[in-house]
Amino acid sequence: MADLCWKLSVCFFCSQVVSGRVEEARYIAAVYEHESILSPDPTALVDRRSALQLMGRNLDIYEQQVMAAARQGAQIIVFPEDGIHGFNFTRRSVYPYLDFVPHSRAVKWNPCREMYLFNDTEVLQRLSCMALNNKIFLVANLGTKQPCAHTDPHCPSDGRYQFNTNVAFDDAGMLVATYRKHNLYFEYAFDAPPEPDYKLFETPFAGKFGMFTCFDILFFEPAVKLIRQYNLKQIVYPTAWMNQLPLLSAVEFQQAFATAFNINILAANIHHPTLGMTGSGIYTPVKSFIYHNMESYGGKLIVAEIPVITTDYKTSLESNERFGENLHQSCKTFTSAPTDDQVCFKEGQETPARVLEKGMEPLPPQFYAEMMYDNFTFVPVWGEKGELQVCSNTLCCYLNYKRAVLTDELYALGVFDGLHTVHGTYYVQACALVKCGGLSFSTCGQEVTDASALIDFQLWGNMSTPYIFPLLLTSGITLDFADHMGWKNHHYFMSKNRTSSGLLTAALYGRWYEKD
């Protein structure tokens, strides 16, 4: 039976997106990475007036950025999580910072034009007026409160819910959607809603937008379910994300999420470099406009024109057969690569047939090191080229690599298949090619920001979940894009010929939601 060459000559995944662009509409989006003005003591008890004064200083900056974005033609702008009020409050100390917001869809309200309809809505009023005065859709995050009766079994003892809330306004200032954060990240001042919110809003320029917040992006509820249930292609995403290399820097995972689900993401992060918080962007599946800056202070406005995505959801995560249909022809046309730089699947074969070079030395030793607070199993990536395999539990990861020039840098191929339990509990399957922090095995898994090695690679694994996020991070925390990716014979693969700059991380980050 004929071999089906795994190394494609045509990027099927990319061409799916690109080929339809000619007929697709486009829109101009903006996100603002905000260095918020924080309370000097967030645990102190203050009155409403003092809270409004602090939030007003942040809202003044928001207003300037809305006007700047509108002047550049932006039709929608997104602001970060915690950007207006800050963070590290107690349940009592945050209360003066909370607005009341009606969460019922039956309530039609324009806070700018109907200022006295509800009490304690000063922040909502300002945001609404920004949207109205600049004729722009606006998404922001704030703290909100909602009274509850003690007959409600979920009602807190103080008689109110306190939510971490996203709000969306249309270009006339109407409140069109609210979303209450479901997956709280050590946010003791806030409550999770009794049931997950699945919130979206309509726009005339890009159809439906869904929204969720920060830590939500790592879980099935509500992020994945929202996208699947409503077949969403545009997401707004306020976040206050603390970067964690090598697998979960903000821009790295935001891009991977957009690529995996074949969607556009408008992601606005907070800017506090001393806390590791930076990384915002406007992402399409195949292009990004990002900002990551750990060196300087101040906010950053990003404005970009991007296409409206209209392709079906299944084309990105469930494309096994479509990849298979294109593999045989691709093998025939790919003639420039030497035989030892190819990895092929035989039809009906569960694991890849490895094309080994004659005289190849014994496989490098396995070792263990902590990465992302998890115990990864590694093998070192030595020499100019080679083929590696490393396994853990049910997951085996494979790497075929070739370096353009040997550098004095240690790389390793790592695997993890287990429950992550630090700063959250969730099940991860990961195959990762990473640059180590030094030349000893113990430095593999450390946070690294610079690299010089240019590596051609093919990375694949027998993942047990369909939810695979392809990570490709290069020197200076910049992004690159795989040449090919997708499924074949129950393996997910990613390949790249020559990264744009030194390789930091190339990884398949799988989330096995059912095992959380």
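If you're wondering where the values come from, they're calculated on a predicted model, not measured in any experiment. Note that the numbering runs from 1 along the sequence shown for the chain.
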key: Salt-bridge present (K515, D417; N to O < 4.0 Å)   = no

inquiry  = My understanding is that only one of D480, L479, I290 makes a side chain to side chain contact (heavy atoms under 4.5 Å, CB included) with Q255; could you say which?
reply    = L479

request  = May I have all residue pairs that pass salt bridge (charged side-chain N to carboxylate O under 4.0 Å, His left out) and include part of residues 65-74, sequence neighbours excluded?
outcome  = none

query = Looking at residues at least two apart in the chain, or sitting in another chain, which of them share a side chain to side chain donor-acceptor pair (under 3.5 Å) with N119?
reply = none

inquiry  = Any carboxylate oxygen within less than 4.0 angstrom of a Lys/Arg side-chain nitrogen, looking at D99 and R48?
reply    = yes

query = Y467 and Y513: aromatic ring centres closer than 6.0 Å?
reply = yes

ask   = Any side-chain heavy-atom pair from L266 and F209 closer than 4.5 angstrom?
value = yes

Contacts of type salt bridge (Lys or Arg N to Asp or Glu O under 4.0 Å), residue E195, not counting sequence neighbours = none

For residues 300-308, dump all side-chain donor-acceptor pairs below 3.5 Å to protein atoms at least two apart in sequence or in another chain.
none

request  = Could you tell me whether Y401 and F457 have their ring centroids closer than 6.0 angstrom?
outcome  = no

Those residues that, when tested against F376, pass ring pair (Phe, Tyr, Trp, His ring centres under 6.0 Å) (two or more places apart) = F378, F416

ask   = With F100, which residues qualify under ring pair (Phe, Tyr, Trp, His ring centres under 6.0 Å), at least two apart?
value = F118

